[in-house]
Amino acid sequence: MADAASPESAATLILLLPVAVPLLAAPLVAAVGRWLPRLLVDALALAVAGSVLGLGVALAVLSRHHDVVITAGGWGDVQGHPVGIAVVADPASAGLVALAGFVTALVLVYTWRYFEDVDAIWHALLLVFLAALSGLVLVGDLFSLFVTLELVSVVGFVLTGYRVEAERSVQGALSFAVASTVGGVLSLVGIALVYARTGELGLAPVGRALAAGPHDALVPLSLGLVLVGYLVKAAAVPFHFWTAGAEMVAPTPVCIALSGVMVTTGVYAVGRIYHVAYQPALPAASVRPTLLGLAAVTALVGALMSLAQRHFKRMLAFSTIAHVGILLVGIGLLSPAGAAGAAIYAVGHAGAKGALFCVAGILLSRFDTVDEGQLHGRGRPLRGTAAVALLGGLALAGVPPFGTGLGKAVTEDAARRSGLTWLVPVLVLAAALTGAAVLRFSLRCFLGWGKPAREPGIEGRPDEEPEPDPPGRLLISAWLLLALSLGAGVAGTAWGAAAGDRLVDGAAYRHAVLVGAGPIRHATAPAGWVWGGVPLAVAPVLVALVVAVLWLAAPPRVDVARGVLALLSPLRRWHSGRVGDEVTWMLAGTVVIGLALFVASR
Amino acid sequence: MSVVLAVLLVATAVGAIAVVTCRDVASQAVVLGAYGFVLGALFLALSAPDVALSEVVVGSVLTPLLILLALVKVRGR
Amino acid sequence: MTSRQRRLVAVPVGAGLAVVLALAFHGLPAFGTAHHPYGDASVRAALALRHTANAVGSVTFDQRGLDTLFEEFILLAAVLGVRLLLRPAAGEHQGTDPDREPRSPAAVRATVLVLLGVTAVLSVSVVLHGHLSPGGGFQGGVLAASGLHLLYVGGGPRTLARFRPSAALELLEAAGAGGYVVIGLVGLVGSGSFLANDLPLGRTGSLLSAGTVPLLNIVVGFEVGAGLVLLLASYFAQERLAEGPR
Amino acid sequence: MTALAFGVAAVVLLAGLYGVVTSRDYLHLVVCLVVAQSSTYVLLLGIGYRAHATAPVFSDHPKGPVVDPVVQALTLTDVVVGATVLALLLALVVQAAKGAGGYCDPDALNDLHG
């Protein structure tokens, strides 16, 4: 037993506080919030989010040499069998806790004295969301992962449908809710299969038990089923349909939380579950093709659909899907370097995408629309907003030294080193096209480039909900989020390398839970900017600029916009917005993933 | 015991199909309530009295009630 | 897709899913197997270590109490969500209740009164014996909440509303959810583990046994009972809205 | 018996999902989701079942083998989650139908496409 004052002991004491503190504050503000001054409720919620950020940073520091492990309730083994729920912090999970705390804090700054109508329900829900995300990354148990996932879902779709008076907002929430529920059911079927085979629920004991065999169809198929729930949250194609709808219609601060943290958490869970619970039974070579195929399709579909949008929030939603593809490439490489790239990219993306959603919020509050055609040139007076939008677009394209650029460069390098060079153009294209879409929008809206007329073939989308105008704070949030993205690129190398290394080291995690934490090997090659990567970093930025400029300024004879939209029309028709279609494709994706994993494991 | 279990299992499958194929929501709520009772009996036979109690109060009382209330709201104007 | 096209796609997808399930379920152990390592360890932990007669209660509130904490907040979030989603939107106004509602026949009122008493006693007993016999905070809470709605049968919406003070129920619900966290934090302060069960364990089978398990059952009972009443109230309010003048 | 027990779970799941995919009414769709969810209860309790054993509740001290209490606790959680998600889904359907004039064909609520 560690000395009471030692850092190890402190780490085990604070390990569950990122869950407990917001969960204590949430019912408090829900119950007495209506009698408290609004200022006090705002301040309390902000303090809680800030404390989760602090706890996340502290845990990342305390876990840098070895995992911090506890069992909830202090349970040990009974008859040589673990009966409690393991909770584990390492640089990857603690970093995500900190990210969730940071983003939630900024969302609270954004919504300071916003949503006046409904007591303090907004704050309570946001705090529960934060606790759920913290729980999801910290717990090391399949069923606890499922419960936290359901909690994330429930709060997620309530927040999405927050403005009930907007019909489309409710539709977006419904589509999100149905997809989440179906994903949850399939995940639980997978968990039941694992439990039947191993008699375990903890990730580490499951990994140990599955290694013993038999290595039959149950193992790969249960992995496929378990992952579905997380792939829905991650918005991987074809589990992504809810995302575009939900993030288009949800209140802008909710989009920042969903896009910045929730999807990332989903991708993280995919990596964690594989490396700890399945890696001993399913070698990386049999899982990698499926994950990378899924990643590439996600990146390309998201990028192409993003380019086809003129509704700014929907454009950002599809770009999130593309960036989930990039994250999944990093995780799917199943190598330390790939995971390091994904870790840095996750933070860089949360910042850049959050800043762009702040731009959407500013535009909504000024003009009651985020339609590209209607906003033509109207953004000219908004100099600061324009700067954020252009920088955000460049960040999505991966311009150095943003975290998105560094994360992408590290991932590309990892792909090349794994002999999978075909992934590099996929990443370049995903970054370039999403960057192009945002740059095109920004140039048209803030500089008045291109024609004010509507693009052919896209119907206008009226009846946008006006959002309240918290003038200065929105821009402050945007700059802070951009700073986060920049910080990830400038100073994220050490953390990213540690997080990536530990995420893929399932053996160390299992050892820490089952035997006790020992010292871990340190990141072999710290990922960083390299001069050789400069052309690859610049390429997507150039492509993005060229596409954006061509779209807006090409002579009428070569109508780029019309051509691209015509090419993309089958893909756009695929996104029919009908829940029956969406579930059908989700199930088709489940079958394909399951069978691909099964065939590769033979 | 095994016969009872087999009968209840078959009844569960039949009940599920009956709920899904019932296209009128009002009668579907009633069928769902009955299905909840079948599940409760099955769980009791599987030696899970805790779950059986929950399933009966949730599946046969609360769930159909919520569906009917929602139905009144959606259709009943 | 049109619904016809979708059916055409759904057939191979459904067949594929059936194949996936068949292949995976083929690896399941025989139904009724005696091999339950986690289950056996849990039973032993419940009885020998925690003096909890109902092993399911021990797993739910002690060995895997963290899951139940999250579950309680799913419920809290859902109740907040339903209240939020079903709140009257701008432009809608609350329908007015009739000032007097017709009194139901004395026989009905008497039956309802008796039934109310029975459900009240039953739900309290189900909650308090959760660590001893099947039942617990959740089942008891649902029973109590459903039972309260007998007032609707016996009296009508106004009678129901009078016994449904929403501010008090909101406090009760929040206290239930927060109470779970507080019990967890007491464990953290007392013995260094969140949700540690370090109260006196008592004799297996007696009302005062199993340490924190009965306490957690009680807070969950409050949360579930109050939460469900609030949830149903939101639906009933919606119904009244539909009937009221527009 | 093994094939029957787990086969029933699979049939219930497929039936529920079939209903979700083909539904023409959002309320009906939500009920089908409830059915799909109930398949996990059958599967979990089937997995935890032990022949010739009693419920894991003791009046005195153990007399013989009992069925697995862990899956029962998991199923309990699952039942609660299912009920709360249902309440939320229904509230969303009520709101969606309000905009659509009481008409809630899922295929008609497709403003979010393209």
Side-chain angles (χ1 to χ4, degrees), chain B residues 1-3 5-29 31-32 35-36 38-40 42-59 61-77, chain D residues 1 4-5 7-9 11-13 15-16 18-20 22-28 30-32 34-36 38-39 41-42 44-46 48-57 66-67 69 71-73 75-76 78-80 82-83 86-87 89-91 93-94 96-98 102-104:
Chain B
M1 196 59 208
S2 155
V3 178
L5 267 176
V7 170
L8 285 170
L9 281 167
V10 172
T12 302
V14 172
I17 292 169
V19 177
V20 170
T21 48
C22 182
R23 295 274 159 178
D24 170 50
V25 177
S27 26
Q28 201 188 17
V31 180
L32 186 71
Y35 175 63
V38 173
L39 280 179
L42 175 69
F43 298 165
L44 210 54
L46 287 168
S47 305
D50 278 277
V51 189
L53 185 55
S54 299
E55 177 57 34
V56 170
V57 292
V58 170
V61 181
L62 193 62
T63 309
L65 176 63
L66 283 174
I67 291 167
L68 288 175
L69 284 172
L71 184 67
V72 168
K73 180 56 195 156
V74 169
R75 306 273 160 77
R77 49 173 80 187
Chain D
M1 200 64 190
L4 178 66
V8 164
V11 166
V12 173
L13 176 63
Y18 171 81
V20 171
T22 59
S23 187
R24 304 304 308 267
D25 180 333
Y26 237 123
L27 284 175
H28 175 269
V30 170
V31 176
C32 292
V34 173
V35 172
S38 70
S39 72
Y41 316 157
V42 178
L44 279 168
L45 293 180
Y49 182 64
R50 169 181 288 184
H52 317 295
T54 55
V57 182
V66 294
V67 302
V71 291
Q72 299 194 4
T75 314
L76 272 179
D78 197 16
V79 169
V80 181
L86 170 86
L89 275 165
L90 288 175
V93 173
V94 166
K98 208 183 257 176
Y103 182 66
C104 53

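Residue numbers start from 1 in every chain, and the chains themselves are labelled A, B, ... in the order their sequence lines are given, proteins ahead of strands.
- Contact annotation: the side chain of D:Val42 approaches that of B:Leu39 to within less than 4.5 Å [non-hydrogen atoms, C-beta and beyond].
- For the residue pair D:Val12 and B:Ala13, the shortest heavy atom distance occurs at CG2-CA, 4.3 Å.
- Within the 4.5 Å cutoff, no side-chain heavy atoms of D:Val35 are placed close to those of B:Ile17.
- With sequence neighbours excluded, no residue forms a side-chain hydrogen bond (donor to acceptor under 3.5 Å, both in side chains) with B:Ser47.
- Considering every non-hydrogen atom in both D:Cys32 and B:Gln28, the closest pair reads SG-NE2, 4.3 Å.
- Heavy-atom distances place both the backbone and the side chain of D:Thr22 under 4.5 Å from chain B.
- Neither the backbone nor the side chain of D:Ala91 comes within contact range of chain B; no heavy atoms are under 4.5 Å apart.
- Looking at B:Val51, both its backbone and its side chain come within 4.5 Å of chain D, counting heavy atoms on both sides.
- Residues B:Leu46 and D:Gly46 approach most closely at CD1-N, 4.5 Å, considering heavy atoms.
- Ranked by heavy-atom pairs shorter than 4.5 Å toward chain B, the options D:Val31, D:Val57, D:Val11 are led by D:Val31.
- Of all heavy-atom pairs between B:Ala45 and D:Tyr49, the closest is O-CE1, 4.1 Å.
- Contacts between B:Leu9 and chain D at a heavy-atom distance below 4.5 Å involve backbone atoms as well as side-chain atoms.
- B:Thr63 meets the side-chain hydrogen bond (donor to acceptor under 3.5 Å, both in side chains) test with no other residue; sequence neighbours excluded.
- Between B:Val74 and D:Tyr26 there is no side-chain heavy-atom pair separated by less than 4.5 Å.
- Interface residue B:Leu66: backbone and side-chain heavy atoms are both found under 4.5 Å from chain D.
- Rounding to the nearest 0.5 Å places CG of D:Asp78 at 11.0 Å from OG of B:Ser54.
- Counting heavy-atom pairs closer than 4.5 Å to chain B, the top-ranked of the candidates D:Leu45, D:Val79, D:Val67 is D:Leu45.
- In this structure, NE2 on D:His28 lies 7.5 Å from OG1 on B:Thr21, to the nearest 0.5 angstrom.
- Side-chain atoms of B:Lys73 and D:Leu90, non-hydrogen and from C-beta on, never get closer than 4.5 Å to each other.
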